[in-house]
Each structure stands twice: as C-alpha cells, then as structure tokens.
Trainee: 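Pasting in a structure now, in structure tokens, and then I'll have a few things to ask.
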Amino acid sequence: MRHSSRFWPARWDRRARIGWVGALAFRERVFLRAAFATLGVTIAGTAVYAAVGPQPSIDHVMRDWVPSLVYVIASALIVLRVIRVREGRGPWIVIAAGIMLYTAGTLVWSLWLQNLPAPPFPSLSNALWLSMYPAAYLGLVWLARGKKGQGAPAGVWLDGIVAGLGIAALGAAVVLGPTQRAATGNFVALATNLAEPIADLILAGLVMGILALRGFRLDRVWILVGGGFLLLCIGDIMFVLNVAGGATSTSSTSLVFYLAAVASIAWAAWQRQDDAPTARLEGWSMLLIPGLFALTAIGLLVYDHFVTLDAIAMVLATVTLLMALLRTTLTFRDVRTLTETRRQATTDDLTSLPNRRLFMQRAAEGIAGARAVQGSLALLIIDLDRFKELNDTMGHQAGDGLLRQIGPRVLPILRPTDTLARLGGDEFGLLLGPPCDEASALHVAERVRDALRAPFEIDGLHLKVAASVGIGVFPLHADDAERLLQCADIAMYQAKASHSGREVYAADQERHSRDNLALTSELPQAIEQGQLEVHFQPKAEARGRRLVGAEALVRWRHPERGLLPPVAFLALAEHSGLGRELTRCVMADALERCRHWRAAGHDLHVAVNASVVDLLDLQFPDEVAAALTAHDVPASALMIEVTESSVMSDPVRISDVLARLGELGIGISLDDFGTGYSSLVHLRKLPVCEIKIDRSFVSGMGSMGADLAIVRATIRLAHELGLRVVAEGVEDDATWQRLADLDCEIIQGYYLARPMPAAEFEAFLVRADTQADEQPERDVVSR
Ligand code: C2E
Ligand code: CA
Ligand code: CA
C-alpha cells in the first residue's frame, strides 16, 4: 500500500490507521481491528443493497439487524476509547453518551416499536434520537476547544457563524417547508417532525462553524467527526424528505448515510488529535468558504421570489448574509493590518526606505535574475562621512533629520527598478540593475554624490554632507548577496580612507593593504633617517596681498615610491602610534625654517597641523614650549592648526590643552571649518583666534550660490566673535577678489602658490620681496 500514499493529500500520508491502538493490550487490538473491519464490510454491504434495491427475503435483516449491529459496535468502540485512553477523554464521554442514546433509540424502534400493529408517534425512539443532539453539540464544542481553550480572532468566529448559519439556512429551505406541508395530526407530532430536522440543521451548522473556526484545518479527527455528523444530518434530511413525500420507512440510501456516520465518528474517537500535519487555508482563500455561504444565502433570497420559502430559512439566510458582510469587512481590515505589518517588517522606520532585510532579499532575487540571463548587477554602499560627529554635536534629532533627507535626494536619480535602502546607522544600500556593469555603477555613484552635494537644511542650518560610496558588481566580484555586500563594504572603506569618494571593489585591494603594512613597518625608520620632509605653502593678506606666513605640510620622500602625500601615510602613522613623533619632526623642521625666514627679515609665522593624538597629550604644550625655546622662535610666530573633528573627539580635555597653548601665546587655528558640524557659538569657548574656511566651500564660491552664502555668513559671524578668517583653496583671482570684498583676512591656495620644499619657499620669498619693491601699492604675489 505504500505506493498509494502519494495519491492522498499530506494529512493522509500514512495509511488510515487507528491512532490510539497502542493503548490497548494485544487481544483488545485484535478486537478493535476486527470491529472496524466489520463496520466497513457491513456498510459496504448496505451500500450494495441500497444500490441493488429491496430484496424481500433479506429486507428485515438489512434494515433492522445490520444497522443495529453497526450502532452497537460503534457505540462499544467509542466507549472503549473513553475507558482505555485518558487523553482528551471529556468530549468523547459526551459523544459516547449521545451515540449510545441514538443506538438505543434505533434498537427500540427496530426490535420493538416497528413491529407493533400501530406504532405510536411520537415514540420513545423519537425521544432517544432527539436526546442525541444536545450531547453531540456539547461534545463537538468541547472537542473544538481542544486542550487549551485558545481564543480565536473575531474574524474567525464570524467565519464559524457564517458557515453555520449558511448551512442551516440551506437545510431549512430544503427541509422545513416540505415537512410542515406534509405534517398532519396534533401539535406534538408536528413539533417532533420539525424538531429533528431543526436539530440536524443546528448540528450541521455547528460542524461547519467549528471547521470554519479552525480555519478549515482539517486534521484526521475533524474530517471524521465533522464528516460523521454531517453524514448523519444528510441521512436525516433525506429521511424527512422521504417521509414528507409519503414514504413510511427509512430508505436504504439514508441508512447507508446513518451507518457511515456512526462508523466515522467511532473511527474519529480512536484518532490522536495531533495525528497528522494540519493544512490551513491562507490569505484570500480564507474568504472562499464564508463567500460561498454568503452566495448560498443570496441564492435562497432570490429563489424566495419564485417559490416562497420557509420563514426560518429566510431569517437564517438574511442573518447569514449580514454576518458574511461583517466578516468581509473584518477580513479587509485584517488584510490591511497584515499588509501594514509586512510593510513595517521590511521598512526602515526613520526613512521609510526598505530596510536591510528587504534589501538583502532584493539583492538575492536580483542576483538570481541576473544569473538567469547572464547579466550583471551592482550593489553600492553609501556611507555619510563624519555622521557620528554631527550626531554628537547637534543631537540625534538633527542626525535623524539628515538621514530622512537622503532618500528624497537620491531616489529621483534612480530607475524604478533600483532599490535604495537604509542598512543601518548612516549607511545606505543601493541595488542597481540588472543590467548594470562597473562603469554604469560608477556613473550612478557620481550622480549620488552630486545629489548629496548641495547643503542640507537642518534646524535652520545649512550643512554640507559628503558621502563615500563602495561598489560591488555581480558576477565580477561575488556570486551571492552577502559576499557582494561585503565587497561593497570593503570598497566603501577604501573610498573613505583615500578620500576618493567612491571606489569599486578590487581584489588587488588586498595587495594594497599589504603595501600599507610594508609602509607602516618602514615608517619609524623613515622618520629616523629624515625621509619626512616639510613643504610650505604661503598665506597672504587678502586685501594687501602681503605674505604673512606659511603652512607646514608634511611629505614622505620614499626611496622607492617617490614623494608620498600625507594621505598615503598619516592615518598609518597615527594608527601605529607614530603620530606624536611625526608632529615633533614637522614642528622642529617648521620652527627651524621659520627662524631662518625671520632672521632674513621676513615677518612670517609658520602654521603646523596637530592631530588628535597630539591634542589629547597633556605634555604637548610643554613640548611645544620647549621646541620654541630650542629654535628661538617667539610663540606669536607659531600657529597650530586643529580640525573641528579632532576637537570634538574629546572637547573638555582638548580645550584644556588648547588653553595652555593659548597661554603660551601660540595662535590656534580651526582648520577645515564648515566640514564639521559644530556651530561657531559652540566654538567661542575654545581659545581659537582664527578659522580656516574649508576649501570645498571656497572652490564652490564662484559656481554655487549656497557656498557663497555660507562663506559670507561664516566670515560675518567669525568677525562678530572676534576671529580672523583664512580662506584656503583659493585657485583663481576672482575668488581671491571676492574674498577680499567679503572682508576675509587671509588667503591660501594654489593661486598664490602650491606647497613647496623649504629651499623653494625661500626663493619664493626673495621673489616676492623684489616684486613688492617694484609695485609697492599692489603687491607681489602673482604666479
Ligand atoms: P590641510 O591642513 O587642509 O592642508 C591643506 C591641504 O590643501 C594641503 O594638502 C594643500 O596642498 C592643499 N591645498 C592648498 N591649496 C590648495 C588649492 O588651492 N586647491 C587645492 N585643491 N588644494 C589645495 P596636503 O598637503 O595633501 O595635506 C593634506 C592634509 O594632510 C592637510 O590638510 C592636513 O590635514 C594633513 N597634514 C599635512 N601635513 C600634516 C602634518 O604635518 N601633520 C598633521 N597632523 N597633518 C598634516
Ligand atoms: Ca591645515
Ligand atoms: Ca584645511
């Protein structure tokens, strides 16, 4: 029989079996199997007899003895279950009682009453049969409640009610009319005649209602017990209709239903409730059954126009319809709630963009799709630069405000098939294509960065936000979503480290990091052997164009790789604990040069960049003081440039260090101003005498109105706070002129001169001097 399993739905995957049989002793098992076999054979025999038609010779046996035997065996089986199996016994005691009463009614009728010359009506049998119903109702409800009475949602209760009422309405329409019309005699007779079909309708309604309540999860028990009681109702209704049509005794066909009904209920008694996996109707199909009953009710109401139906049927049909309407309303509400919950599970609360979960899902789908067509797609990670700083200085609300503005900026430049998601924090994911190759991914990355370039308005302030984008391409770099994300992540860090803004994942980044490793190991020696050299970039008065000083900018003259810019090794130096040593070298060199310039008659200051590690070191001011003495340079000729971000990393401690530097008479210059998020007012507490407006604003002054506005406002505010303003990154005369008009004090930039080695700088000073002599009113400095 094994092969047959695949023709059955999953819940029948194992052969029909007697679940609790293990609770029995061997002899009892044999009896049990024999009993069920007898039931099967007898019912089959009755079915054949019903098909063949009445045979007078065996009619009495087939109509009276055989059914009585079936009822008795079925009752015994249920009773046996109640005795031998403890689990879930309660409802089966009640059902057993009901079936026994029903059996008793049948026995009384078959073996005694029907043989009387004038059987009474209503009789003892009628009373016994009717008393089965309350027991059946109670048993079914008890069984449905299960071990724990779990509450079902309102919609499910309504399903039960709709299904129950619907089937009752249908039954009432079919049965009640004919019964009433056929009824003769006294009130008790009529009541009895009506009571049974009505009881049946309630029973059928109850079964349907419970099945609906269970969400039509039909396990073995419920198919058998529900089906059993439904068969009983069908048999009864056929009987009642037969009688109404003039028949005097039970037809063989309805007999088959009765017998199958009790056998089925007996079999149900022996099933374990958790016997088989449960199937459940999902989503819209759940509306199907209530819908069907609603349609039935409508059908009845329409039919009533042609043939007047029983009043009870009409009432039932109307109520069914109303309940179905209510149910539909609830379903729509449920579906909406469900959709909303699903949406929430895949949406980022703050930005309303898809969240990481949905993003990864789409990435996986996208990869599958691309693989199928042998296409490619790109995954981008967009990370805002220095977002933490913004959060720390301006508060989380400002940070949130910024994050919310990212979607509206980026979405308009995407195709509808692209996915922008917030992966967490200040990290966004962007899924492109397919098709999307490396080149188009780079193109989109640029456009994204462009879209983010204009200042964001947050709390009335205009903030500039830069983003770094890392790109991973399927199938070039990875062939699954997780790995692709990793690639994009690595590329993003690369983009941050190199300040390139965007970077495509490259396998040779590994080589790159090996190079870095080599550099790190070479750095201490390089410092020792004087491979670091300091270049100087001049600063001049904006109006008078007179030179006022120079910024010291470090370089590494690497024996194999040539001249390395600070980005190539500064971070490495700081991470490997050489940051302090590096500053010491630069400081010494810068002060020594400055002494030279001053000795040669140039009243110049020198500006040295300090990093966080310097500023966190409480020894730093003493060290600087010692260096000034050693090189015989006045404190007023030294500026120390610090960035906002380094100050913000530990404002209390660092402002202490800065205050002590200030006390020494050293000027503090706030570098890269505008790229951080601290407000000027905030910075008033710091002993700063100068701010350097970041070159990104200065270079945008000519083309971007917003940049010009920021520069203008910054200068005005700085002046109100008594600070001097330096504009760096001045690359043309127009910008210089405009800055002068805006009362910016000092200018630095390629237009004046690029950073240059010390010797070159000294030559530059000499040139500047001669030019100043030639054109005293409008100085020197042009290239
Ligand atoms: P920074 O302090 O903002 O230095 C100015 C940077 O802008 C320099 O880059 C300079 O070459 C560049 N620059 C100057 N004028 C122009 C211009 O007109 N247009 C453009 N596009 N760029 C211009 P550099 O030398 O590569 O230095 C980069 C950064 O490295 C510096 O930025 C500074 O933060 C850091 N740095 C340099 N030397 C030192 C040092 O000795 N110690 C520390 N701690 N940091 C240093
Ligand atoms: Ca600087
Ligand atoms: Ca700067």
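We count ligands from 1, going down the list as the structure has it; atoms in each ligand are counted the same way. The structure displayed is predicted, hence computed values, not measured ones.
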Trainee: Which N/O/S atom belongs to Glu551 and is the closest one to the Ca ion (ligand 2)?
Mentor: OE2
Trainee: If we set the cut-off at 4.0 Å for heavy atoms, which region of Gln537 has an atom near ligand 1: side chain, backbone, both, or neither?
Mentor: side chain
Trainee: With heavy-atom distances below 4.0 Å as the criterion, list the atoms of ligand 1 near Val586.
Mentor: 41 (O)
Trainee: Check for me whether Glu551 has a heavy atom closer than 4.0 Å to any atom of ligand 1.
Mentor: yes
Trainee: Hey, which atoms in ligand 1 end up nearer than 4.0 Å to a heavy atom of Gly749?
Mentor: 15 (N), 18 (O)
Trainee: Does a donor on one side chain sit under 3.5 Å from an acceptor on the other, for Ser468 and Asp383?
Mentor: no
Trainee: Taking the six-membered ring of Trp556 as reference, does the NZ or CZ atom of Arg561 fall below 6.0 Å from its centre and within a 45° cone about the axis?
Mentor: no
Trainee: Would you say Gly729 touches ligand 1, if touching means a heavy atom closer than 4.0 Å?
Mentor: yes
Trainee: Who's closest to atom 31 (C) of ligand 1 heavy-atom-wise, of Val730, Leu553, Asp671, Val613?
Mentor: Leu553
Trainee: Taking Glu457's backbone N and O only, do any of them form a donor-acceptor pair with Gln405's side chain (distance below 3.5 Å, no angle check)?
Mentor: yes
Trainee: Where does Thr583 meet ligand 1, judged by heavy-atom distances below 4.0 Å: at the side chain, the backbone, both, or neither?
Mentor: neither
Trainee: Are the side chain of Trp736 and the backbone N or O of Ala542 linked by a donor-acceptor pair below 3.5 Å?
Mentor: yes
Trainee: Considering Ala753, Pro755, Ala610, Pro566, which one's heavy-atom position lies nearest to atom 29 (C) of ligand 1?
Mentor: Pro566
Trainee: Examine ligand 1 and decide if any of its atoms is less than 4.0 Å from a heavy atom belonging to Lys692.
Mentor: no
Trainee: Any donor-acceptor pair under 3.5 Å linking the side-chain atoms of Gln486 with those of His477?
Mentor: no
Trainee: May I ask which of Leu570, Val698, Val567, Val554 has a heavy atom nearer to atom 36 (N) of ligand 1 than the others do?
Mentor: Leu570
Trainee: Looking only at N, O or S atoms, find the one in Glu641 nearest to the Ca ion (ligand 2) and name it.
Mentor: OE1
Trainee: If hydrogens are left out, which of His499, Gln748, Glu731 has an atom nearest to atom 21 (N) of ligand 1, that is, the closest non-hydrogen atom?
Mentor: Glu731
Trainee: So if I count the atoms of ligand 1 from 1 in the order they appear, which ones are less than 4.0 Å from some heavy atom of Glu728?
Mentor: 3 (O)
Trainee: Quick one: which ligand 1 atoms are inside 4.0 Å of a heavy atom on Asp672?
Mentor: 3 (O)
